[in-house]
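All values derive from a computational prediction rather than experimental measurement.
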Amino acid sequence: MAKDMKTSIIFWLAVILSAVQLTVPVFFHLLDLQLRAIHVGLGISLAALVFPFSKKYQANKLTSIDILALIIIIAANINIYLKTLNIYMYPGSAGMLDLLLGIGLAIVILDTTRRAVGWAIPIIVIGLIFYAMFGDLFPGMWKLRGLSWDFVVNSIYYSPLGIYGSITAMSATFISLFIIFGSLLSAGGGGKTFIDIAFALTGRWRGGPAKAAIVASALFGSISGSAVANVAVTGNYTIPMMKKLGYPKDFAGAVEAIASTGGGITPPIMSIAAFMMAEFLSISYLKIIGYALIPCILYYTSIYAGVHFMTLRLGLVPMPEEEIPKWRDVLTFQRLACLIIPMVVLLGLIAIGRPLLTAGFYTCLTTIVLMLITDIPKKGFKETFKNLLLALEDGGTSLARIIPILVSVSILVNMVGITGIAPKISGLIMDVGGNNFIIALMIATVIPFLLGTSLPVVPTYVLSLSILAPPLLRLGADPVALHLFFIYWSLLGGVTPPTCTQAIVAAGISQGDWFKTGINAVKLGIVAFIMPFFFVWNPAFVGRGDPVDVAVCAVTGFLGAIFMGYGFFGHMNSKVNFIFRIAFFLGGVLLLFPNYLYSAVGLAVAIAMLIAQKAVTKKIKLEELSL
């Protein structure tokens, strides 16, 4: 078989997947299981082709393993599509052929997930399946009456749970639409426009490229849905310019890594997890945007402050005038139409109460129409149509990267339910943490943090939520703040050593040390590691509470972020440099505390340190002059 045949199949299958996801959920009135079967069939088939079985297999050659996997995927999902009514009417009635197809499909899904993101998710799922079937072998509170293999397979495959559960339902509807929207936006020049806007805004300031990286990464990350993709797209522009201006390569990579990570919590689009949060809590997505606003501002204030103080410390100058984009070239209908109009359509439809599925469809449709209007006069119909196909192909390929993960997480959530492991872990947290909310919260942080170092945001968020949320809610945690807590900790693993995927990608571009890049990224985004505890402790940080408390938290948090940035990156020419840095950092932390007294003490400490540092610096200068 020709080597390039697999590439052609992948291209057209990706286009078909995007086209199906854009039309079928909106225009075809299928039963839920039928829609999910189509989604799983196409998505897992594409993923099995996109990710080779192992490194020794050529990526562009169709193998016997690929063909076997496709046969299993297609047969198993056609079986579900045709037997949907029987599954709804007679749950648990799978015959031997159904059970064999279910086992085969589950193996293929878990293996495809392994190819896409490694062993972590498959190992957790396999472990839970083993626990479900052999739970009677476990001691004490973990002992479980073993479930039969046909009951487990029925639950995973032959039911509207497991493979075709609620997480897959989200994947088959609005999640797919917003991933395709991100690809359409990029094809319309969105990424380059965001970067040019960022450079036009900040280029004339000292340290312009680093500040542009923050703005561009926040803007592009809010619609890309992938922090790694964000680093790759914006970092290729910003990191070389930061190095050219004089920033150390490890610092330049860190700025891009931590700024790109924040795209997942940046309104108006945020990330897939935010859409899922709206569904889980059954509240408007516009409210989610409002709740996320203050934490997002504090996140980027911390990064911006660190960059600014590092810029002053290095004595860097603005960008050369000739390298700064001109506003007249950026603010054109051609460049802004595909960015602004779809956003207005999206937020407008959500504001009037349209479902996310409907809002996502019309947003994608608007983007496609605008691409045709702006590109055909300039590029011609043929080139424009080719560009549209490439955008759909990119959208389909992006879906292939996320669908196996979401379907595996759907299986995982189902296994958590039928094994009853969540209440046991909840009880353990309650026993260890007792009635101390902060201790319980710190214990609960361990799981999302560890999972987030090796897993994408969505599985980490969903798994953490299903296992850890119940005990924390019983202790009085605000539901909105708790969901945002898990989203933040799911994101932070991407910049935290030893894995720090975003930092590794950024270090590859900057040619720096990935570990030092990761440490600098943590220092720049230090607020993000502290603030989640405070906004669960005091929901005013997420806009939940008295308006006065919300305003005070926003102001004190803003000052705290600046002082913490100064503690890490400010220029302190004195023998007590380390003491000053600790004092500024602690003052910043106290300003974040949900207590007026602590905030006042933090502000007093920070101001006292500023005065003391100024006095020490003046004394040093006088001593230097006298020599």
Side-chain angles (χ1 to χ4, degrees), residues 167 170-171 174-175 178-179 217-218 221-228 230 258-300 302-303 356 402 405-406 409 413 441-442 444-470 472-473 477-496 501-502 525 527-539 541-544:
I167 308 299
M170 295 182 197
S171 177
F174 61 86
I175 287 178
F178 284 105
I179 289 174
S217 298
S222 71
I223 56 95
S224 72
S226 168
V228 174
N230 196 357
I258 191 67
S260 294
T261 300
I265 46 94
T266 303
I269 304 298
M270 298 175 69
S271 67
I272 295 170
F275 290 111
M276 299 176 79
M277 176 179 167
E279 286 291 304
F280 286 141
L281 293 173
S282 299
I283 59 178
S284 166
Y285 184 71
L286 286 181
K287 288 187 177 180
I288 300 294
I289 292 173
Y291 297 142
L293 195 56
I294 293 175
C296 177
I297 291 171
L298 299 186
Y299 180 94
Y300 280 105
S302 170
I303 301 170
L356 282 173
I402 193 71
I405 299 169
L406 292 173
V409 170
V413 170
L441 199 61
M442 292 179 72
T445 303
V446 175
I447 290 179
F449 179 70
L450 291 178
L451 290 175
T453 60
S454 58
L455 296 179
V457 174
V458 170
T460 304
Y461 164 62
V462 174
L463 182 59
S464 302
L465 195 67
S466 60
I467 294 175
L468 303 172
L472 296 173
L473 289 171
D478 179 87
V480 170
L482 191 60
H483 277 254
L484 284 172
F485 175 88
F486 289 130
I487 289 175
Y488 265 74
W489 279 105
S490 301
L491 283 166
L492 292 173
V495 289
T496 309
T501 312
Q502 285 90 275
V527 163
F529 291 84
I530 298 170
M531 183 173 52
F533 293 102
F534 290 128
F535 64 58
V536 176
W537 192 1
N538 180 15
F541 268 114
V542 294
R544 306 265 288 178

(request) List the steps, then state whether side-chain contact (heavy atoms from CB on, under 4.5 Å) holds for V458 with I405. (result) CA-CA 8 Å; V458 170; I405 299 169; 5.6 Å; no

(request) Go through I175 and M276 one step at a time and tell me if the side-chain contact (heavy atoms from CB on, under 4.5 Å) criterion holds. (result) CA-CA 8 Å; I175 287 178; M276 299 176 79; 3.9 Å; yes

(request) Test side-chain contact (heavy atoms from CB on, under 4.5 Å) on K287 and L281 and set out the steps. (result) CA-CA 11 Å; K287 288 187 177 180; L281 293 173; over 6 Å; no

(request) Would you check, one step at a time, whether the test side-chain contact (heavy atoms from CB on, under 4.5 Å) holds for L472 with L441? (result) CA-CA 7 Å; L472 296 173; L441 199 61; 4.0 Å; yes

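Closest approach of V542 to P295, counting heavy atoms only: CG1-CG, 3.8 Å. When all heavy atoms of T460 and P448 are compared, the closest pair comes out as CG2-O, 3.4 Å. Taking each heavy atom of F486 and S464 in turn, the nearest pair found is CD2-CB, 3.7 Å. Taking every heavy atom of both residues into account, A477 and V536 meet most closely at CB-CG1, 4.1 Å.
Taking the centre of each ring, F275 and Y285 come in below the 6.0 Å mark. The six-membered or imidazole ring of F529 lies away from that of Y488, with a centre-to-centre distance of 6.0 Å or more.
In this structure, L491 CG and S260 OG are separated by 11.5 Å, a value rounded to the nearest 0.5 Å. Taking CE from M277 and CG from L465, the interatomic distance works out to 9.5 Å, rounded to the nearest 0.5 Å. Atom CG of L468 is separated from atom CG of L463 by 7.5 Å, given to the nearest 0.5 angstrom. Once rounded to the nearest 0.5 Å, the distance linking CD1 of I288 with CG of L293 reads 13.0 Å. Taken from CZ in R544 to CD1 in I294, the straight-line distance is 12.5 Å, to the nearest 0.5 Å. Atom OG1 of T261 sits about 8.0 Å away from atom CD1 of I303, to the nearest 0.5 Å.
In terms of modelled atom types and a separation under 3.5 Å, the side chain of S466 and the main chain of V462 share a donor-acceptor contact. With hydrogens and angles ignored, the 3.5 Å screen pairs a side-chain donor or acceptor of S490 with a backbone N or O of Y461. No donor-acceptor distance shorter than 3.5 angstrom exists from the side chain of S302 to the backbone of L298, with no hydrogens or angles considered.
Considering V527, I265, T266 as possible partners of Y299, the one that fulfils the side chain to side chain contact (heavy atoms under 4.5 Å, CB included) test is I265.
Looking only at side-chain heavy atoms (C-beta outward), F174 and E279 come within less than 4.5 Å of each other.
Ring pair W489/F533 is perpendicular by interplanar angle, where above 60° counts as perpendicular and below 30° as parallel.
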